[in-house]
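Take a look at the structure below.
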Amino acid sequence: MKKFLLILSFSMGIYASAQEELKKDSVVADTVKYWAVLGKNSLMINQAAFSNWVGGGANNVGWLAGINYNITYEKDNDLWENIIGLDYGQNDTKGLGVRKTQDVMNISTNYGRKFSKSWYFSAGAGLQSQFYRGYEDGNNPDAKKISNFMAPGYLNLGIGITYRPNDNLTVTMRPTNARWTFVLDKELQFAGSYGLKNDGDTSLLQFGFLGTALYKVKLMENVNITNTASVFSNYLDHPERLALAYGAVINFKVNKFISSNITVDLLYDHNQIQKTQLKQTLGIGFAYTLNNGVKRSERKDSQWWIKK
């Protein structure tokens, strides 16, 4: 009888321990996130005031607002990444009036199906434009208008392969890519404007190769840089005239709500202007980062799915 009670007690102990482990495993499994949302909402303010200042200067105040999100779905061999980048800013200088300082609309989506470690067959789309009118001579509204909403606007649709060894590096190559250039402002619809062939045309279709890359680097504690680059070659007309773009965002995080950004953008597009374009901004202000938790691929307790 004593042996029976001893065996029964031992068996109950093993059962209780097993149930506890199952509970732990269930909790771990339940906390695995297939969707990951990383977003940053920011408002940068800059201001300068002068009174009897011998060195001279003009009173001015400016602002820059941004909404930047990376929304990713990861499950088994599926990878779906969505990027939303919206930025707009103005500066009001005494004697000059209001000028646009930043105007960016960049939305893209890319779906991939893994066929080898870190490699995916992929298909995606991207839209780039600006929100408001742009002018020569520092966005002077009395000067010649050179851009507007969807003038130009670029829509890319293509298929290819994506290399993504980790969340800090993504390279996509699309040997089959359609690129539409839209010019929806009637005042800009003339031959030669953003590659348009005839007066009154509203769009231009190109077909070629598109390559894009995103690379994130942590320079030091609370200092990060995000690099983006793209290249497009039109198979149908002068494939040697590459459309090249590079962007860098250096983020200095002060605390949870305050940060500083430096942005640098380089662009060359023969259809826009046959010169290298450069834009640089610097701002400090309020920023709120949304992060719903680490991605599935970052969890040490869920790495088993990669081995499938």
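Heavy atoms only: backbone and side chains are in, while hydrogens, waters and symmetry mates are out.
Side chain of N68 to main chain of G85: no donor-acceptor pair is present (N/O by atom type, distance under 3.5 Å, no hydrogens or angles). Looking only at distances, a side-chain donor or acceptor of Y235 sits under 3.5 Å from a matching main-chain atom of P175. Using modelled atom types, no side-chain atom of T263 and backbone atom of L282 make a donor-acceptor pair closer than 3.5 Å. Without hydrogens or angle criteria, N255 side chain to I258 main chain gives a donor-acceptor distance under 3.5 Å. Under a 3.5 Å cut-off, the side chain of N168 and the backbone N or O of N166 do not form any donor-acceptor pair. The backbone N or O of D78 lies less than 3.5 Å from no partner atom in the side chain of D76, so there is not a single donor-acceptor pair. The backbone N or O of F207 lies less than 3.5 Å from a partner atom in the side chain of N234, making a donor-acceptor pair. A donor-acceptor pair under 3.5 Å links the side-chain atoms of K100 to the main chain of Y132, judged by distance alone. N59 places no side-chain N or O within 3.5 Å of a backbone atom of K94 that could act as its donor or acceptor partner.
With N271 as the fixed residue, the side chain to side chain contact (heavy atoms under 4.5 Å, CB included) test singles out one of D237, L204, T181: L204. Test Y111, W35, Y73 against W80 for ring pair (Phe, Tyr, Trp, His ring centres under 6.0 Å) and you get one pass: W35.
Rounded to the nearest 0.5 angstrom, K253 NZ and K40 NZ are separated by 9.0 Å. The distance from the OG atom of S129 to the CG atom of N106 is 10.5 Å, given to the nearest 0.5 Å. Atom CD in Q272 sits 11.5 Å away from atom NE2 in H270 (nearest 0.5 Å). Atom CZ in R99 sits 12.0 Å away from atom OG1 in T101 (nearest 0.5 Å). The OH atom of Y154 sits 11.5 Å away from atom CZ of F182, with the distance rounded to the nearest 0.5 Å. Separation of atoms CD (Q206) and CG (L236) is listed at 8.0 Å; rounding is to 0.5 Å.
Contact record, F149 with M105: CE1-CE, 3.5 Å, taken as the closest heavy-atom pair. The nearest pair of heavy atoms linking A248 to I225 is CB-CD1, 4.3 Å. When all heavy atoms are compared, the tightest approach of N156 to N177 is OD1-ND2, 2.9 Å. Closest of all the heavy-atom pairs between L242 and S233 is CD2-CB, 3.6 Å. Shortest non-hydrogen contact noted between D103 and F131 is OD1-N, 2.7 Å.
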Discussion item. R133 vs E187, test: salt bridge (Lys or Arg N to Asp or Glu O under 4.0 Å). Steps then yes/no.
Written reply: CA-CA 11 Å; R133 296 186 294 270; E187 297 179 17; over 6 Å; no

Discussion item. Run K279 and D87 through salt bridge (Lys or Arg N to Asp or Glu O under 4.0 Å) and show every step you take.
Written reply: CA-CA 14 Å; K279 180 180 67 175; D87 296 281; over 6 Å; no

Item to complete: Any chance you could lay out the side chain to side chain donor-acceptor pair (under 3.5 Å) test for Y194 and D269, step after step, and finish with the verdict?
Response: CA-CA 9 Å; Y194 298 106; D269 189 335; over 6 Å; no

Item to complete: Given side chain to side chain donor-acceptor pair (under 3.5 Å), test T162 with T172 step by step and report yes or no.
Response: CA-CA 4 Å; T162 295; T172 297; 3.1 Å; yes

Worksheet item: Stepwise, does the side chain to side chain donor-acceptor pair (under 3.5 Å) test hold for Y120 with N77?
Response: CA-CA 9 Å; Y120 301 80; N77 293 321; over 6 Å; no

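Side-chain polar atoms of T93 and N91 form a donor-acceptor pair below 3.5 angstrom. Counting only N and O atoms by type, the side chains of N224 and T226 include no donor and acceptor under 3.5 Å apart. Side chain to side chain, R174 and N110 meet the donor-acceptor criterion of an N or O pair below 3.5 Å.
In this structure, Q277 places its CD atom where more than 12 heavy-atom neighbours from other residues, nucleotides or ligands lie under 6.0 Å away.
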